[in-house]
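Accompanying notes for the structure given below.
Chain naming here is simple, since letters A, B, ... match the order of the sequence lines and numbering starts at 1 in each. The figures that follow rest on heavy atoms only: side chains count, while hydrogens, waters and symmetry mates do not.
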Protein chains: 2
Amino acid sequence: MSTLGLKLRELREQAGLSLRKAAMQTDIDVAILSKMERGERKFSKELVLKLAELYKANSDKLVIDFLSEKVLYELEDEDFGLEALKVAEKQLKYKKNK
Amino acid sequence: MSTLGLKLRELREQAGLSLRKAAMQTDIDVAILSKMERGERKFSKELVLKLAELYKANSDKLVIDFLSEKVLYELEDEDFGLEALKVAEKQLKYKKNK
DNA sequence: ATTACCTTTGACAAAAATAGTCAACACATA
DNA sequence: TATGTGTTGACTATTTTTGTCAAAGGTAAT
């Protein structure tokens, strides 16, 4: 259930681009993009940015989704995932005021 | 500023164990433990659990710290780290009710 | 039924990140 | 000196991630 992949696939289709073309324009192998859109491989941040530009979409939200997915991946099957996120949030907020 | 490393070092000292002994009892190289305590290398969850047991400390909190650190590591220098954490939290909560 | 697209799949190799090993160092104290 | 402490860096091994490629299967039009 990769929400980022789904979103990027929708955006691509809305942009009227085939997988091949989108892959070519972003210098990536078609196979990889296919797998990424279906959540079989992880996106890289660089690719997300390239795709956002190609699809003329807002990149901020996509990057946030990208990061969120990365984080959730680290926490999958962890009993204390939620608690860990809370602690991380607290520390991040603190850090911002440094 | 590895809070997990600092905590585990304190716990070790409170347990009256030298780095060498703690390393031996957990089947790990001294050098690695030294580096982990000082944040130069990342802990593994397995080691955190072993150390918690060895030091007779509550492992839940330590695991939470461990996970939090792992998450923060992924988000370092990211502009939207906080937003990503919020999204991740929301998704994790949702997932729990599945 | 062949041409021209499309997406998906899997096998494989290359590259990068992580983890482990080891010997030596510097410091203190007995 | 001898023993115990923690630290460092160079090196290897292993695991994970990433990239490449060829082929398969689908659809639609000619």
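Taking the ring centre of A/Tyr73 as origin, the terminal cationic atom of A/Lys42 falls inside the region bounded by 6.0 Å and 45° from the ring axis.
When heavy atoms are screened at a 4.0 angstrom cut-off, A/Ser34 is found touching base atoms of the nucleic acid.
With sequence neighbours excluded, no residue forms a side-chain contact (heavy atoms from CB on, under 4.5 Å) with A/Asp79.
An OP1 or OP2 oxygen of D/dT5 is reached within less than 4.0 angstrom by no side-chain nitrogen or oxygen of B/Arg9. Side-chain nitrogen and oxygen atoms of B/Arg38 include none within less than 4.0 Å of the OP1 or OP2 phosphate oxygen of D/dG6.
Between the side chain of A/Arg12 and the backbone N or O of A/Leu17 there is at least one donor-acceptor pair closer than 3.5 Å. B/Ser68 places no side-chain N or O within donor-acceptor distance of the main-chain N or O of B/Ile64, the cut-off being under 3.5 Å.
Going from atom CG of B/Leu19 over to atom P of D/dG6 covers 5 Å, rounded to whole Å. Taking atom CD of residue B/Glu13 and atom C1' of nucleotide D/dG4, one finds them 15 Å apart after rounding to whole Å. Between the P atom of D/dG4 and the CZ atom of B/Arg12 lies a distance of 16 Å, rounded to the nearest Å. Straight-line distance from the CG atom of A/Leu33 to the P atom of D/dC21: 17 Å, rounded to whole Å. With rounding to whole Å, B/Met24 atom CE is found 14 Å from D/dG6 atom P.
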Whether each nucleotide of nucleotides 12-30 of chain C has a protein heavy atom under 4.0 Å at its base (B), only at its sugar-phosphate (S) or at neither (-) is summarised, 5' to 3', as ------SBBBB--------
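Within a 6.0 Å sphere centred on CD of A/Glu13, heavy atoms belonging to other residues, nucleotides or ligands number more than 12.
Inter-residue side-chain proximity for B/Phe80 and B/Leu75 is flagged as unmet; no heavy-atom pair is nearer than 4.5 Å.
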